[in-house]
S.K.: 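Following this message is one structure expressed as structure tokens.
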Amino acid sequence: MSALTLFYVGTSYLCAAVFFGGLSYRLAGYAATPSPLRIPLTPQATTVFGVIKKNAVSMAVFRALFIGERWTWVGGYSLHVIFVFVFLRHLRLFINPVPEFLVDLQPLALLFAALLPLPVLFLISRRMYVDRYRYISSGADYFALVLLLVIGLSGLALKFVSHSDLVGVKEFLLGLVLLSPVEMPSHPAFMLHFSLVLLLGFYFPFSKLVHAGGVFLSPTTTQVEDNREQIHANPRGGN
Amino acid sequence: MAKPIFDIPNLDEALKTPAVKKGASAHLKIHPAQPPLMEKLGFPPALVEGWQKKAVEKLGELKEKYKSLKLFMEVCVKCGSCADKCHYYLGTSDPNNMPVGRQELMRKVYRKNFTVGGALFGKLANAEEMDEETLKEWSTYFYQCSQCRRCSVFCPFGIDTAEITMAAREIMDSIGAGHKYSVEIIGKVHDVGNNLGIPKPALQSTLDFLEEDVKEATGADVKFPLDQEGADVLFITPSADFFSSPHVDSLVGYAKVFHAAGIGFTFSSHASEFANFGMFVGNYDQMKKISERIVQAARDLKVKRIIVGECGHAWRVAYSFWETLNGPFDFLDVKKPMHVCEFTHDLIKKGALTFDKTANDEFTVTYHDSCNVARASRMGDAPGGQFEIPREILRAVCNKYVEMPDAVNRQKTFCCGGGGGLLTDELMELRVKGAAAKTSALKTVMQEKGVNTMAMICAICKAQFSKVLPYYEIPMETVAGIHQLVSNAIRLGEK
Amino acid sequence: MNGEKFSGLAVAAAVMLLVALPLLYSATGNGLFHKPPKPELVLPVGGDGKCVEPTDFMRSNHMKLLVHARDRIVRGGELLPKYHIEGCKNCHVKRAEFCDRCHGYAGVRPDCFECHNLP
Amino acid sequence: MGAIDVAGKSIEVDEDGYLLNLGDWSKDAAEVLAKGEGIPLTEAHWEVVNFLRDYYDEYKIAPMIRILTKEIGKKLGKEKGNTKYLYELYPGGPAKQACKIAGLPKPTGCV
């Protein structure tokens with residue numbers, strides 16, 4: 001195995017450990033921290049099922065953002081929908097055999113995934129040109145967006161500019177997944193794309209990007225409002 | 001009214017997002033709490049040695065105590081959806097009054113001390129130490145938040161600035177930097193039993209006066225009993241109801257409802273206050289201690305249930321927190337606290353009350369949803385009862401009832417501008433500017449639908465609007481309590 | 001453990017599981033610690049054993065050659081026997097033993113065979 | 001914290017200008033405090049101030065506004081027994097402004 005492959009394999013596993021370990025740590029940390037008092041944002045459903053139903057809808061359509069800031073919703077929502085297609089586009093490289101429906105989906109997934117730079121650029125310029133958003137935006141906010149942008153562009157380059165040996169790429173990725181790494185295809189655009197994704201993986205659990213899991217744990221939106229029906233004790237006891 | 005020394009917002013523009021003006025409300029400062037006031041509550045009398053470190057320690061302690069704080073510190077993506085949803089930002093244009101801007105004041109300290117990125121990259125990652133400048137910002141802008149939760153309605157993650165404001169105030173109190181208004185009032189509750197500091201003899205004379213006054217006006221022997229052991233109901237109401245106008249008119253309304261329904265009730269001199277400023281200062285122990293008095297009074301007076309008067313934040317404390325703080329209420333027949341609107345509403349549904357609606361014909365009434373009732377509690381059996389029950393009462397007692405525009409109604413209601421412990425004179429400019437959003441909606445229905453009365457069920461809202469509406473050339477008499485209108489229309493079966 | 005904490009941990013686990021799902025899917029097929037499967041191609045027996053371009057280049061770029069050739073032949077009217085797909089058939093006789101192997105592996109569906117018939 | 005000057009004597013007041021020590025009050029102090037509020041004290045103003053001080057002496061708190069209006073009505077005639085009249089006298093509000101001039105502590109709470 002070449003030194004370069006060795007380096008990437010090592011970094012990949014480290015990245016996976018940091019990503020999964022870090023994200024688990026963060027999310028478990030939220031889950032384990034008590035909520036001494038009941039603070040659901042009312043009106044709120046009075047049963048667990050009701051809360052799940054309500055959140056399934058409002059999270060699926062980004063309801064709060066939709067009623068809050070329509071243009072940001074257009075950018076943010078389309079970006080997240082595109083993430084789904086990006087995921088569907090890449091999933092075939094990590095699993096074998098590839099299910100038929102996933103193969104069927106590829107042209108559509110490509111069509112949407114290829115649009116990724118548009119919402120990202122929109123979200124960046126929104127931060128730059130609207131005074132309120134400029135005021136609240138820091139380096140980290142731009143970093144996350146720019147990272148997404150270059151990951152997207154390098155990915156598109158792999159498809160449209162400098163095509164890689166997809167079979168070799170899949171063999172490499174599958175080798176990583178199966179804990180039996182093989183030689184990495186030495187294709188510059190792929191290496192760039194892959195490196196940036198690793199960077200994102202490392203960055204993710206340390207950043208605001210944990211909102212991806214945190215959104216499911218927010219007490220105001222996920223607590224059941226059943227104070228009339230139940231007695232809630234303070235999980236910490238007296239204070 | 002004394003001439004204001006600041007610009008009054010233009011109501012036609014009040015709901016439009018203003019351009020950012022840095023530092024526009026930096027001059028609006030609170031009065032610091034004096035040492036004896038702080039000590040009474042067990043806080044350090046003045047800024048302690050090494051407060052920078054202690055503040056960070058306290059923040060670390062609170063983030064492990066409250067899931068809300070920890071999660072809200074970490075998951076904000078700064079999308080800006082909340083930015084123009086705060087009445088104080090709309091009124092002042094100060095970016096630190098954008099909810100996310102306010103949160104950032106704490107987040108930058110949090111990042112520095114509790115995140116890897118903040119520790120590694122410092123200012124580059126928008127992470128800063130707790131220092132004099134930061135404390136100054138905290139003591140300014142965390143007292144320009146009324147904990148109304150409107151921002152969290154528009155947050156994709158439900159981030160509630162109120163939780164952050166409460167934590168910030170708790171931290172500041174813990175290092176010896178308190179706000180005179182809240183700290184002094186909590187002290188009075190402990191000493192005298194109510195926010196205003198009305199001693200028992202004064203309370204008794206006030207209630208006697210009201211009995212006579214109502215008798216004079218209606219001929220009915222409506223009772224205002226105090227400390228009457230064995231009464232069915234313990235009635236707890238904000239002490240402003242014993243002091244201010246128009247608050248007292250609702251007090252009369254409560255008593256008339258009890259009279260008409262033939263249900264015995266009593267006030268308590270031990271617990272002559274429903275408000276719980278422990279919530280405003282974010283202090284769990286104070287909140288618990290303050291509400292403990294009410295439980296004690298209920299035990300001592302051997303009542304069967306507790307009904308509470310028109311107060312917004314206290315209804316949140318009662319409905320959402322009481323049982324957690326002081327429960328369970330096994331000694332009561334009805335274990336859950338009941339809002340007076342629920343009580344009256346039930347009686348109306350049962351047909352136990354009769355009204356002469358024409359008594360309110362001079363009023364075209366609209367309803368102001370108070371923030372803590374709307375977004376932090378409930379009434380009745382179904383979600384949203386807190387919106388419908390008060391409205392149903394109003395429709396039952398008035399012929400002319402009008403809704404405010406949807407964008408500022410129900411869950412999306414704007415704060416009156418004086419909630420969350422900001423109902424203090426040194427913040428008058430903030431209060432006037434913060435009231436602009438809701439007032440503009442009021443003005444719309446006044447002009448378009450002839451509204452001349454805005455009903456509400458919060459002592460703070462009543463006091464705040466009575467005070468600030470005249471700045472917008474709207475008479476203070478526009479403000480009314482729901483039970484004030486009930487009082488006008490209710491038939492007592494005598495006279 | 002109270003209900004809220006439990007549901008919180010469950011949600012955290014669910015999020016993790018969602019990300020880990022593809023890994024599990026792969027692992028169940030072949031088992032961990034085995035070299036990843038790769039397509040097995042049946043290579044041409046006849047000819048000189050050389051393609052029109054080097055193998056490495058063909059792996060990454062055959063689709064472009066074919067598409068370019070199609071455009072130039074069909075739209076431009078050129079004669080380009082070297083890159084014409086009909087030429088491929090001379091050596092790669094069975095689609096199922098050559099094209100489909102990699103395409104199936106990578107989950108790519110070519111549209112060549114909508115028109116061209118390769119048994 | 002600050003102080004006001006009453007006939008050459010310095011008297012301590014709080015941040016909002018209310019007397020720190022009730023014992024410091026005098027008619028002169030009331031005049032000075034009223035001047036600070038931009039209110040010329042007339043006989044009608046004094047009616048209110050005196051009633052507030054008497055009530056405070058007995059109950060250690062300012063009276064409910066309703067009690068004040070009724071009392072003024074009794075003394076000065078029904079047409080003056082209302083909040084409107086009191087606000088004419090004390091535009092800053094009878095509770096806060098009149099209490100200040102009467103040397104009473106500031107009523108604070110949800111008022």
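Residue numbers begin at 1 in each chain, while the letters A, B, ... track the order of the sequences.
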S.K.: With distance as the sole test, does B:Tyr254 use its side chain to make a donor-acceptor pair with the main-chain N or O of B:Glu310 at under 3.5 Å?
M.R.: yes
S.K.: Chain D heavy atoms under 4.5 Å from B:Leu203: which part of the residue, side chain, backbone, both or neither?
M.R.: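 No part of B:Leu203 comes within 4.5 Å of chain D.
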S.K.: Sub-3.5 Å donor-acceptor pair from the side chain of B:Asp213 to the main-chain atoms of B:Phe209, do we have one?
M.R.: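 Not confirmed, B:Asp213 side chain does not pair with B:Phe209 backbone.
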S.K.: Identify which of B:Gln464, B:Met476, B:Lys462, B:Glu477 forms the greatest number of heavy-atom pairs closer than 4.5 Å to chain D.
M.R.: B:Met476
S.K.: For atom CD of D:Glu79, decide whether the heavy atoms of other residues, nucleotides or ligands shown that lie under 6.0 angstrom number more than 12.
M.R.: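 Enclosed: over 12 neighbouring heavy atoms sit under 6.0 Å from CD of D:Glu79.
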S.K.: Specify which of B:Asn194, B:Asp249, B:Leu210, B:Asp241 makes the most heavy-atom pairs with chain D at under 4.5 Å.
M.R.: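 Among B:Asn194, B:Asp249, B:Leu210, B:Asp241, the one with the most close pairs to chain D is B:Asp249.
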S.K.: Tell me, out of D:Asp16, D:Thr69, D:Ile67, who's got the most heavy-atom pairs with chain B below 4.5 Å.
M.R.: D:Ile67
S.K.: Tell me if a side-chain donor or acceptor on B:Asp227 pairs with a main-chain N or O of B:Ser269 at a distance below 3.5 Å.
M.R.: yes
S.K.: Return the option, out of B:Phe243, B:Phe242, B:Phe277, with the maximum number of heavy-atom pairs under 4.5 Å with chain D.
M.R.: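 Option with the top pair count is B:Phe243.
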S.K.: Is chain B contacted by the side chain of D:Pro63, its backbone, both, or neither, given a heavy-atom distance below 4.5 Å?
M.R.: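 The answer is the backbone of D:Pro63.
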S.K.: Taking every heavy-atom pair that is under 4.5 Å apart, which of D:Glu58, D:Arg66, D:Lys60 has the most such pairs with chain B?
M.R.: D:Arg66
S.K.: If I measure from the heavy atoms of chain D, does B:Pro238 come under 4.5 Å with its side chain, its backbone, both, or neither?
M.R.: neither
S.K.: For B:Thr206, is it the side chain, the backbone, both or neither that has a heavy atom under 4.5 Å from a heavy atom of chain D?
M.R.: both
S.K.: Report the distance from atom CZ of B:Phe224 to atom CG of B:Leu251, rounding to the nearest 0.5 Å.
M.R.: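 Reported to 0.5 Å precision, the distance equals 5.5 Å.
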S.K.: Which one wins on heavy-atom pair count under 4.5 Å against chain D: B:Val192, B:Val189, B:Val248?
M.R.: B:Val248
S.K.: Taking side chain as everything from C-beta outward and backbone as N, CA, C, O, which of these in D:Tyr55 sits under 4.5 Å from a heavy atom of chain B? Side chain, backbone, both or neither.
M.R.: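 Contact with chain B involves the side chain of D:Tyr55 alone.
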S.K.: Below 4.5 Å from any heavy atom of chain B, which atoms of D:Lys96 appear? Answer side chain, backbone, both or neither.
M.R.: side chain
S.K.: Does B:Glu211 pair with B:Lys215 as a salt bridge, N-O distance under 4.0 Å?
M.R.: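 No salt bridge links B:Glu211 with B:Lys215.
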S.K.: Closer than 3.5 angstrom, by distance alone: can the side chain of D:Asp14 be matched with the main-chain N or O of D:Tyr18 as a donor-acceptor pair?
M.R.: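 Yes: the side chain of D:Asp14 pairs with the backbone of D:Tyr18.
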